[in-house]
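Chain letters run A, B, ... following the sequence lines, proteins first, then strands; residues in each count from 1.
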Amino acid sequence: DVKVTQSSRYLVKRTGEKVFLECVQDMDHENMFWYRQDPGLGLRLIYFSYDVKMKEKGDIPEGYSVSREKKERFSLILESASTNQTSMYLCASSLAGDRVNEKLFFGSGTQLSVL
Amino acid sequence: AQKITQTQPGMFVQEKEAVTLDCTYDTSDQSYGLFWYKQPSSGEMIFLIYQGSYDEQNATEGRYSLNFQKARKSANLVISASQLGDSAMYFCAMIPGRGGGNKLTFGTGTQLKVEL
């Protein structure tokens with residue numbers, strides 16, 4: 001069975017802290033994604049990666065960076081956490097390529113609270 | 001740019017009845033894919049159904065069907081014989097056809113509650 005695992009379900013951090021959100025997939029997928037989910041706004045793409053060490057900005061990359069040193073792992077980094085980054089963060093993966101029928105597989109999400 | 005619109009923030013339905021969740025989209029691409037995902041309170045996004053822009057038949061998956069009207073740019077989800085376990089948030093999403101890299105664009109979601 002396919003699996004996307006996010007390291008934490010709930011996380012509480014203080015303003016200004018550096019925060020790492022980790023995501024691991026076991027499906028040998030090339031594409032990996034980080035989304036942010038807020039009530040009334042749906043899911044918005046922060047960053048995605050289509051290969052190791054490759055990354056591309058999504059719709060809302062400000063305040064975030066990413067790292068993909070190994071194919072199975074994609075990390076989201078908040079360099080200096082702020083209260084407006086309190087949100088649910090969802091990681092996803094998909095097979096390589098550009099096909100319109102390629103569904104994404106999601107992790108269970110990390111609810112991050114920045115105090 | 002692609003845009004997905006879901007105009008129903010919340011919906012109620014009686015158990016065993018059918019319900020339609022609305023979704024309209026905007027794209028200039030000829031080739032694109034449309035998806036519906038379910039998100040229960042546990043948080044995980046569960047894939048429900050897919051419709052390709054060139055598919056002539058409406059997609060069906062068990063109790064789920066997608067009412068695809070290309071000229072109107074709508075892709076409504078129909079759930080037949082609703083069950084209590086269908087209570088969840090439902091998202092409509094799209095992958096564009098040109099250089100999309102499988103990036104899904106999501107709507108704002110519809111919270112469905114199934115009542116006895």
Side-chain angles (χ1 to χ4, degrees), chain A residues 1-6 8-11 23 25 27 29-51 54-61 87-112, chain B residues 1-10 21 23 25 27 29-55 59 61 66 68 75 88-111:
Chain A
D1 201 13
V2 297
K3 197 119 177 105
V4 179
T5 303
Q6 295 184 231
S8 305
R9 183 72 179 92
Y10 298 96
L11 211 52
C23 175
Q25 50 94 4
M27 296 166 283
H29 283 169
E30 276 74 17
N31 296 339
M32 294 190 75
F33 309 82
W34 275 106
Y35 284 88
R36 169 178 172 158
Q37 181 179 2
D38 299 289
L41 296 178
L43 280 75
R44 294 176 292 167
L45 182 65
I46 305 172
Y47 267 97
F48 85 101
S49 168
Y50 48 91
D51 202 350
M54 306 301 285
K55 63 186 179 186
E56 195 169 309
K57 291 180 181 179
D59 300 318
I60 51 164
S87 186
M88 169 72 91
Y89 291 87
L90 287 155
C91 176
S93 71
S94 71
L95 283 170
D98 224 7
R99 294 184 293 259
V100 298
N101 64 344
E102 203 61 65
K103 69 183 182 188
L104 270 62
F105 294 86
F106 284 85
S108 297
T110 295
Q111 179 63 52
L112 173 67
Chain B
Q2 294 74 34
K3 186 176 168 66
I4 298 283
T5 302
Q6 295 180 255
T7 58
Q8 306 155 312
L21 306 185
C23 172
Y25 59 91
T27 181
D29 292 333
Q30 296 300 309
S31 174
Y32 49 88
L34 295 158
F35 298 77
W36 278 92
Y37 279 83
K38 171 185 178 182
Q39 187 183 42
S41 56
S42 60
E44 187 174 355
M45 298 284 282
I46 301 167
F47 166 75
L48 294 179
I49 196 166
Y50 164 81
Q51 179 85 42
S53 59
Y54 291 118
D55 294 341
E61 292 281 351
L66 200 152
F68 181 46
M89 181 73 90
Y90 289 81
F91 289 98
C92 181
M94 177 169 65
I95 287 180
R98 281 180 297 172
N102 304 149
K103 288 179 287 184
L104 272 175
T105 296
F106 284 86
T108 52
T110 296
Q111 182 73 50

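A heavy-atom distance below 4.5 Å is not found between the side chains of A/Leu104 and B/Phe35.
Using a 4.5 Å cut-off between heavy atoms, A/Leu43 touches chain B through backbone and side chain atoms alike. A/Leu90 touches chain B through its side chain: at least one heavy atom from C-beta onward sits under 4.5 Å away, while N, CA, C and O do not. Contact annotation for B/Gln39: only side-chain heavy atoms (C-beta onward) come within less than 4.5 Å of a heavy atom of chain A. With a 4.5 angstrom heavy-atom cutoff, A/Arg9 touches chain B only via side-chain atoms. Contact of A/Gln37 with chain B is made through the side chain alone, with heavy-atom distances under 4.5 Å.
Separation of atoms CZ (A/Phe105) and CZ (B/Phe47) is listed at 8.5 Å; rounding is to 0.5 Å.
For the set B/Gly109, B/Gly52, B/Ser42, the entry with the most heavy-atom pairs within less than 4.5 Å of chain A is B/Ser42. Comparing A/Gly40, A/Gly42, A/Gly58 by how many heavy-atom pairs each has under 4.5 Å with chain B, the most go to A/Gly42.
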### Task
Would you please test B/Lys103 and A/Phe48 for side chain to side chain contact (heavy atoms under 4.5 Å, CB included) and show each step?
CA-CA 8 Å; B/Lys103 288 179 287 184; A/Phe48 85 101; 3.2 Å; yes
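A donor-acceptor pair under 3.5 Å is formed between the side chain of A/Tyr35 and the backbone N or O of B/Leu104.
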